Number of protein chains: 4
Amino acid sequence: MSSTTAAEPRAPKLRADATRNRERIIAAAREVFVEVGADAPLDEIARRAGIGNATLYRNFPNRDALIREVALFVKARILARAETAMAEHPDAFDALQSFVHGAADEQLGALCPVISGRFDHNDPDLAEIRERLVVIVTELMERAQRSGGLRPDVAPGDIFVAISQLTRPLPGTACLDLSGFVHRHLQLFLDGLRAPARSTLPGRALTFEDFQQQH
Amino acid sequence: MSSTTAAEPRAPKLRADATRNRERIIAAAREVFVEVGADAPLDEIARRAGIGNATLYRNFPNRDALIREVALFVKARILARAETAMAEHPDAFDALQSFVHGAADEQLGALCPVISGRFDHNDPDLAEIRERLVVIVTELMERAQRSGGLRPDVAPGDIFVAISQLTRPLPGTACLDLSGFVHRHLQLFLDGLRAPARSTLPGRALTFEDFQQQH
Amino acid sequence: MSSTTAAEPRAPKLRADATRNRERIIAAAREVFVEVGADAPLDEIARRAGIGNATLYRNFPNRDALIREVALFVKARILARAETAMAEHPDAFDALQSFVHGAADEQLGALCPVISGRFDHNDPDLAEIRERLVVIVTELMERAQRSGGLRPDVAPGDIFVAISQLTRPLPGTACLDLSGFVHRHLQLFLDGLRAPARSTLPGRALTFEDFQQQH
Amino acid sequence: MSSTTAAEPRAPKLRADATRNRERIIAAAREVFVEVGADAPLDEIARRAGIGNATLYRNFPNRDALIREVALFVKARILARAETAMAEHPDAFDALQSFVHGAADEQLGALCPVISGRFDHNDPDLAEIRERLVVIVTELMERAQRSGGLRPDVAPGDIFVAISQLTRPLPGTACLDLSGFVHRHLQLFLDGLRAPARSTLPGRALTFEDFQQQH
DNA sequence: TATGAATGAGTGTTCATTCAT
DNA sequence: CATGAATGAACACTCATTCAT
């Protein structure tokens with residue numbers, strides 16, 4: 001996944017420190033981005049990670065590089081949620097519901113605006129994980145549509161938009177303020193997704209690409 | 001509503017410039033806040049309004065005062081949408097749907113995060129318009145629930161959260177990027193609101209006060 | 001004294017307003033300069049005088065012109081104090097003491113720093129009143145020296161420096177904070193001025209010109 | 001006194017730059033405050049110290065923090081003057097005179113208005129040095145009163161007011177303009193302080209606390 | 001290599017002065 | 001002629017990024 005995974009056999013000791021720093025930075029960055037937003041002071045992230053600011057810059061030459069790593073990290077976790085959901089729920093719509101609520105717990109909504117706009121659509125690492133995510137969510141939805149649980153006029157992009165929008169915290173607020181209600185409104189949206197459709201939707205079904213253009 | 005509506009017949013001439021500037025500032029502020037967010041440079045707003053920055057400060061001594069006026073302006077328009085919706089649609093759920101889509105067109109979603117947090121809950125002008133909004137939306141929903149169109153386990157706060165979240169643009173993006181799909185996802189949410197309820201919702205119904213605490 | 005005293009016979013009515021405005025501005029300026037200092041916002045002076053800011057600028061094209069008028073006004077009052085002191089006190093040193101305490105009451109100390117530095121030494125009105133002040137204070141001091149009350153190694157500039165310095169309020173403070181003690185320290189200084197001299201003074205006696213170079 | 005005196009032997013190298021900068025900033029601040037006053041542009045201080053403005057802010061997060069350090073620095077030097085004066089002069093009034101002229105040379109007069117008003121009376125460092133100053137000046141004066149050199153109706157506050165007022169430069173002027181005469185007028189004041197008293201003073205003797213309330 | 005410090009560009013806000021009514 | 005409004009320049013302070021140790 002990461003480009004520094006298996007290469008040089010030398011300097012293994014230094015790497016112990018280095019990778020621990022990387023992880024601490026990414027964790028701190030995720031926290032701070034969720035709380036403060038994409039414009040969070042990088043010094044604050046460094047402080048929260050317990051390192052000097054220049055160390056942060058050594059690991060991630062600019063804000064976008066850091067955001068990229070956070071994106072990779074979070075998408076990997078969301079992918080894992082999808083895999084778990086599919087494995088654990090025999091009913092396809094149940095699996096979809098489980099995935100939606102699980103992705104919300106990964107704070108996808110809080111992080112989408114952070115990532116948004118700064119996205120390098122050609123980044124191979126991101127492309128790979130995105131592709132895997134597309135595949136599994138498409139599979140999840142098609143199963144649910146075939147089983148008659150999910151209305152037929154929706155596509156993966158619709159799901160991701162709903163998750164990211166309905167779970168976004170308000171800026172300047174710690175993420176949890178509305179979170180007591182997040183699952184409630186996701187559930188209302190999921191109820192709207194059930195077959196049979198109760199209305200004719202305007203627009204067209206959103207592909208994952210539509211969503212990715214935004215995020 | 002506005003304090004400059006019909007009152008003093010004197011000194012209309014001097015006011016001509018001033019009020020035109022005020023209006024231009026508010027319009028520019030709304031635009032810029034929607035596009036850039038609550039931290040938008042005030043100089044940019046001044047530039048967009050075609051005035052000097054100090055003129056902006058003369059009219060609105062600080063950012064919050066400006067945001068307050070934008071809030072008043074937008075809430076007034078949303079109130080008007082609610083009144084229109086109620087008047088024009090004999091079916092109560094239709095009226096509710098019309099209101100929801102109309103409020104989205106007023107960019108409520110874009111402006112909620114702007115207003116959020118900086119809200120002076122004691123401001124009498126804001127309190128008044130908020131109160132009128134509460135009354136009419138409550139009425140709309142209760143009618144729809146009595147007529148069997150709307151599920152009984154939801155309250156006004158749920159509606160406002162949905163509107164504001166599902167219509168929020170991504171930061172750093174002109175508002176319209178997702179807007180082609182906004183009504184689509186609102187419609188999915190509205191489908192989830194229809195009676196009979198297709199699930200048991202977690203949490204409790206949100207009152208308008210719950211929503212206001214956020215916005 | 002003023003250059004607008006006796007001239008044009010026309011427009012006497014307008015002048016009534018105009019001169020009342022002038023006086024109110026000067027009074028307000030004196031107050032505000034004493035309270036806030038030489039950098040006081042001119043808008044505050046206009047506000048305190050109950051006029052618009054542009055009216056202030058019409059009367060006094062810039063800060064220095066306003067300060068000049070305040071200087072003239074205050075010096076005229078101090079001159080009057082000197083004349084009164086000389087007339088009322090048979091003993092020359094008593095007269096000097098009376099003058100010193102009286103000048104302090106005119107807030108000379110507060111206003112010297114306002115005036116200082118912006119002085120136009122060629123201004124004929126100021127020159128005239130300055131000259132009259134020099135003459136009378138010199139007379140006061142020479143009498144006191146001849147009568148053996150005042151030590152011989154001091155000159156008018158020494159007196160004025162003492163008054164202005166010992167009565168200066170601290171910046172950012174309303175003038176009166178130390179004022180309970182001003183006369184106390186002036187009195188100590190006056191005790192040091194009495195003959196016979198208790199020390200040999202460093203430097204040379206200050207003329208009024210020495211003082212004027214500062215103020 | 002200073003928290004960087006003798007303590008940590010580690011990390012002396014990095015500190016070399018930093019402390020040199022701190023010292024240069026304090027020196028420049030003292031200069032500029034004396035010349036321009038408490039409202040001096042901090043950018044000018046940074047420029048004079050030969051550093052970037054943000055470096056100044058890194059060392060002193062706001063104007064008051066900088067003023068505090070200047071106050072500490074200057075008070076320490078004045079305290080040293082008092083100790084020297086007491087040690088070197090067998091006659092108590094001579095010692096007092098030496099202290100007064102010495103404190104004037106430290107530009108106490110110029111800096112009192114800078115410090116004034118922004119004083120945090122609870123600051124422990126400032127409280128400590130203030131206390132030591134009170135003790136030694138009280139001692140100086142009581143000795144001089146016991147030896148019959150100093151009139152009995154004065155107290156430390158009277159001395160400090162005289163020093164600070166008589167040595168204050170005019171704003172907008174380099175401090176030295178009047179300085180040729182400062183010692184002359186201080187000497188006149190000191191002559192007024194000698195026993196026997198030549199008048200009955202109005203008001204009451206000023207304690208150091210009276211003075212501190214101002215500065 | 002990791003760090004703390006330095007930097008300069010950017011933003012909010014104030015105020016003296018000018019302009020239009 | 002008096003006024004309120006408009007203006008731009010100035011300053012405090014923040015933050016991303018670079019440098020020296």
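Please read all numbers here as calculations on a predicted model, not as lab measurements. Every chain is numbered from 1 and lettered A, B, ... according to where its sequence line falls, protein lines coming before strand lines.
- Of the two residues contacting DNA chain E, namely B:Arg58 and B:Pro41, the nearest-nucleotide position lying further toward the 5' end is that of B:Pro41.
- Residues satisfying the salt bridge (Lys or Arg N to Asp or Glu O under 4.0 Å) test with D:Arg58, not counting sequence neighbours, are none.
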Q: Could you provide the dot-bracket string of DNA chain F, using ( ) for intrastrand pairs, [ ] for crossing pairs and | for bases paired to another strand, with Watson-Crick or G-U pairs below 3.5 Å?
A: .||||||||||||||||||||
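- Partners of A:Arg30 according to the salt bridge (Lys or Arg N to Asp or Glu O under 4.0 Å) rule, which considers only residues two or more places apart in sequence or in another chain, are A:Glu106.
- Shown here are the side-chain hydrogen bond (donor to acceptor under 3.5 Å, both in side chains) partners of C:Arg48, two or more places apart in sequence or in another chain: C:Glu31, C:Glu35, C:Glu44.
- Take B:Asp43 and apply the side-chain contact (heavy atoms from CB on, under 4.5 Å) test, not counting sequence neighbours, and it matches B:Asn53.
- Within the model, atoms CG of B:Leu42 and CZ of B:Phe60 stand 11.0 Å from one another, a figure rounded to the nearest 0.5 Å.
- Within a heavy-atom distance below 4.0 Å of DNA chain F, the residues of residues 50-57 of chain D found are D:Asn53, D:Ala54, D:Tyr57.
- Residues satisfying the salt bridge (Lys or Arg N to Asp or Glu O under 4.0 Å) test with A:Glu23, not counting sequence neighbours, are none.
- By the side-chain contact (heavy atoms from CB on, under 4.5 Å) test, A:Ala27 is found to be paired with no residue, residues two or more places apart in sequence or in another chain being considered.
- With DNA chain F read from its 5' end, the first of the two nearest nucleotides for D:Asn62 and A:Ala40 is the one closest to D:Asn62.
- Residues satisfying the salt bridge (Lys or Arg N to Asp or Glu O under 4.0 Å) test with D:Asp123, not counting sequence neighbours, are D:Arg68.
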